[in-house]
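Since we're looking at a predicted model, the values are computed, not measured. In what follows, every chain begins at residue 1, and chains take the letters A, B, ... in the order their sequences are listed.
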Amino acid sequence: MKENFVSDIDGMAAGKEVVVRGWAQEIRVMKNIGFIIIRDSTGLVQATVKRDCPDFQLLEKMSRESVVSVSGIIPESIKSNVGREIITSQITVLNVSETPLLIGITDNVETDMDTRFNNRFIDLRKPEIARIFRAKSAILWGMRNYLMSNKFMEVQTPKTVSAATEGGAELFHVKYFEKDVFLNQSPQLYKEMLVASGVERVFEVGPAFRAEEHNTPRHLNEFTSIDIEMAFADHNDAMHMLENAIANGIGNFLSTVKDAESFSLLKNRPETPFPRITYRECLQILKENGYPAIHGEDLNNEALKIIGKRFEGFYFITEWPKSVRPFYTATLDEDPEYTKSYDLQFREIEITSGAQRVHNPVELKKRIEEKGLNSENFEFYLKTFRYGMPPHAGWGLGLERLAQVVLGLPNVREASLFPRDRTRVFP
RNA sequence: GCCCCGGUAGUGUAGUGGCCUAUCAUACAGGCCUGUCGAGCCUGUGACUCGGGUUCAAAUCCCGGCCGGGGCGCCA
């Protein structure tokens, strides 16, 4: 096993002997001296190879990105501009890399997104690409940590489901032995069933599939959904959990990922609570801006851009009309045409959708039928509401979209290691 | 699902009917030079997405396929 990562060299005294293992990012050879810039997951170090090193001739035939193990000593004074240096005593080439590289790593040439994704394993060697996923991981960890400390249990629910769905999104068909099944668009129904099972607070981090033929910088056909559901809670409680989970996620990212503020769009842990605006207030703003918006319809992208300009970062749009929300969304006590629902927005990008849910089985059945769905297909779900279902609320969040807005990425595909879009199912 | 734009060496580009035997950068191979550091200099290798059509002549114009980027719709 590797004993030292490159960044460990920072604390080492001159004269200390180390073994560095990583990728040979740059190789330069001269008459009496040569250099290898070695990269590992933690950073760069220059291995300086003098003529008297017995492995000097290995440099001359070494290709970039070959995997090497280099032994050496920390020098008294560091002359390399990468800030770390070892004076080499021994070099082992563990595996050679073919040339030329499929895409440049340090070359001063841009590479198209398509070419990069076709060769993603090399693309990910670029520090500016790799750090996206360090950030995503740290954001998720911070959110998970917040939920775990609030009595949530992490669960896994099936991704293959039979015909009954929430309606709305198109689903992917999959052969399942002699049956036709679908890839689940969200864990919604399962989360609620687990609330009925007495777990009270559940969350899941997993894939969600949407067979929509969109081609935009903010859609993936397979994305990572963070979903929560909590018993004995209303939409305001769920919003509270959401904004604090996000603040904790971003806070964790900024405080644990190296140089986070240098590449993050958001430089500070966001203040909570996030501002809230109702759907009806949005329509009023649009009207004042002379933008035609139809009451009872969804806000389109252009409308959301107008609304988004009024807020610095994250904001909630609450109390959406019943007509644009799923059947399981609870309505306002004082006006049943509107719902206890909310979307979390960042400018025009929708990050999260959530609500208090209907917990009365009679009303729920009615709402399913109002949407034109067959309630018999939902019996597995409806019956969990008849034997003691508490009031509950929750949300579903697109992790790639969250990473996209936190980092200011131009395309959500950049936040997916191996994105799945309208045409890409490879690699 | 509808609409717009695009596809030229490994990578990224210039070229919109003949001056293209296709530009430049980077990579790659070889050489010179140098405790170098986006090193520099010289030489070399390497490309018009596929199929059909128009034309004396097509990278260039037309049609179709495939692939890509984006707008709308829809959503996380």
Touch check for A:Glu213, heavy atoms < 4.0 angstrom, all strands: base, sugar-phosphate only, or nothing?
base
Could you check, using the six-membered ring where one of them is a Trp, whether A:Phe378 and A:Phe327 have ring centers closer than 6.0 angstrom?
yes
Reckon A:Asp343 touches a base, only the sugar-phosphate, or nothing at all at heavy-atom distances under 4.0 Å?
nothing
Reckon A:Leu220 touches a base, only the sugar-phosphate, or nothing at all at heavy-atom distances under 4.0 Å?
base
Would you indicate what A:Ile33 reaches in the nucleic acid, counting non-hydrogen atoms under 4.0 angstrom: base, sugar-phosphate, or nothing?
base
Would you please classify the geometry between the A:Phe316 ring and the A:Tyr342 ring as parallel, tilted or perpendicular, with 30° and 60° separating the classes?
perpendicular
Heavy atoms from other residues, nucleotides or ligands near CZ of A:Arg134 exceed 12 (cutoff 6.0 Å)
no
Pick base, sugar-phosphate or nothing for A:Thr224, based on heavy-atom distances below 4.0 Å to the nucleic acid.
nothing
With both distances under 3.5 angstrom, what nucleotide forms a Watson-Crick or G-U wobble pair with B:rC32?
B:rG40
Side-chain contact check for A:Val109: nearest option of B:rU34, B:rG35, B:rU26 is B:rU26
Is the base of B:rA76 stacked against the aromatic ring of A:Phe223, taking ring centres under 5.5 Å apart and planes under 30° as the test?
yes
If you measure from the C1' atom in B:rC20 to the same atom in B:rA59, how many Å do you get, rounded?
9 Å
Go ahead and name the base partner of B:rC66; Watson-Crick or wobble counts if both distances stay under 3.5 Å, otherwise write none.
B:rG7
Within the 3.5 Å criterion, strictly below it, is a donor on A:Arg424 or A:Asn118 matched to an acceptor on the partner's side chain?
yes
Greater than 12 external heavy atoms within 6.0 Å of A:Glu128's CD
yes
Please give the distance between the P atoms of B:rG15 and B:rC3 as a whole number of Å.
29 Å
Whole-Å gap separating P (B:rC75) and CG (A:Leu344)
17 Å
Remember a base hit wins even if backbone is also touched, and classify A:Ser353 as base, sugar-phosphate or nothing at under 4.0 Å, heavy atoms.
sugar-phosphate
Using a 4.5 Å cut-off on heavy atoms from C-beta on, say whether the side chain of A:His392 contacts that of A:His359.
yes
Looking across every strand, which nucleic acid part, if any, lies under 4.0 Å from A:Gly104 by heavy atom: base, sugar-phosphate, or nothing?
nothing
Rounded to whole angstroms, how far apart are CG on A:Asn184 and P on B:rC75?
17 Å
Over how many whole Å does the gap from A:Glu85 atom CD to B:rG35 atom C1' extend?
8 Å
For B:rU54, the nucleotide meeting Watson-Crick or G-U wobble distances (both under 3.5 Å) is none
Atom CG of A:Asp298 and atom P of B:rC74 are separated, to the nearest Å, by 6 Å
For B:rC41 and B:rC56, measure between their P atoms and round to the nearest Å.
48 Å
Under 4.0 Å between any heavy atoms, over every strand shown, what does A:Asp114 touch: base, sugar-phosphate, or nothing? Just pick one.
sugar-phosphate
Specify the residue among A:Leu102 and A:Val29 whose closest nucleotide of RNA chain B lies further upstream toward the 5′ end.
A:Leu102
Taking the side chain of A:Pro217 as its heavy atoms from C-beta onward, which of B:rU26, B:rA76, B:rG71 lies nearest to it?
B:rG71
Contact under 4.0 Å: A:Thr115 side-chain N or O vs B:rG12 OP1/OP2:
yes
Is the closest side-chain donor-acceptor distance between A:Gln46 and A:Thr48 under 3.5 Å?
yes
Tell me what A:Gln46 touches on the nucleic acid: a base, only sugar-phosphate, or nothing, going by heavy atoms under 4.0 Å.
base
Which nucleotide sits closest to the side chain of A:Arg218: B:rA27, B:rC75, B:rG69?
B:rC75
Taking the C1' atom in each of B:rC61 and B:rA25, what is the distance between them to the nearest angstrom?
30 Å
Pick base, sugar-phosphate or nothing for A:Lys61, based on heavy-atom distances below 4.0 Å to the nucleic acid.
nothing
Could you please name the option among B:rA76, B:rC67, B:rG10 that lies closest to any side-chain atom of A:Pro100?
B:rG10
Any non-hydrogen side-chain atom of A:Arg125 less than 4.5 Å from a side-chain atom of A:Arg39?
yes
How is A:Thr106 classified with respect to the nucleic acid when contacts are heavy atoms under 4.0 Å: base, sugar-phosphate, or nothing?
nothing
My understanding is that a pair needs two contacts under 3.5 Å, Watson-Crick or G-U wobble. By that rule, which nucleotide pairs with B:rG1?
B:rC72
Whole angstrom value for the distance that separates P of B:rG30 from CD of A:Glu60
10 Å
Nucleotide B:rG35, atom C1' - distance to NZ of A:Lys31 in whole Å:
15 Å
Opposite nucleotide pairing with B:rC24, Watson-Crick or G-U, both atom distances under 3.5 Å
B:rG12
Return yes when atom CD of A:Glu271 has more than 12 non-hydrogen atoms of other residues, nucleotides or ligands closer than 6.0 Å, and no otherwise.
no
How would you label the contact of A:Arg116 with the nucleic acid (heavy atoms, under 4.0 Å): base, sugar-phosphate, or nothing?
nothing
Quick check for you: among B:rG73, B:rU34, B:rC67, whose closest atom lies nearest to any side-chain atom of A:His219?
B:rG73
Same-atom distance (C1') from B:rG51 to B:rA58, integer angstrom
15 Å
Mind calculating the distance between CG (A:Asn301) and P (B:rG70) to the nearest angstrom?
13 Å
Just to be sure I understand the rule, does A:Gln345 reach a base, reach only the sugar-phosphate, or reach nothing, if contact means heavy atoms closer than 4.0 Å?
nothing
Any side-chain N or O of A:Asn221 under 4.0 Å from OP1/OP2 of B:rC75?
no
Mind checking if A:Val49 touches a base, just sugar-phosphate, or nothing, with heavy atoms under 4.0 Å?
nothing
Per nearest nucleotide of RNA chain B, the residue lying toward the 5' end, A:Leu299 or A:Pro410, is A:Pro410
Between B:rA29 (P) and A:Arg64 (CZ): distance, integer Å:
9 Å
Under 4.0 Å between a side-chain N/O of A:Arg413 and OP1 or OP2 of B:rG69, yes or no?
yes
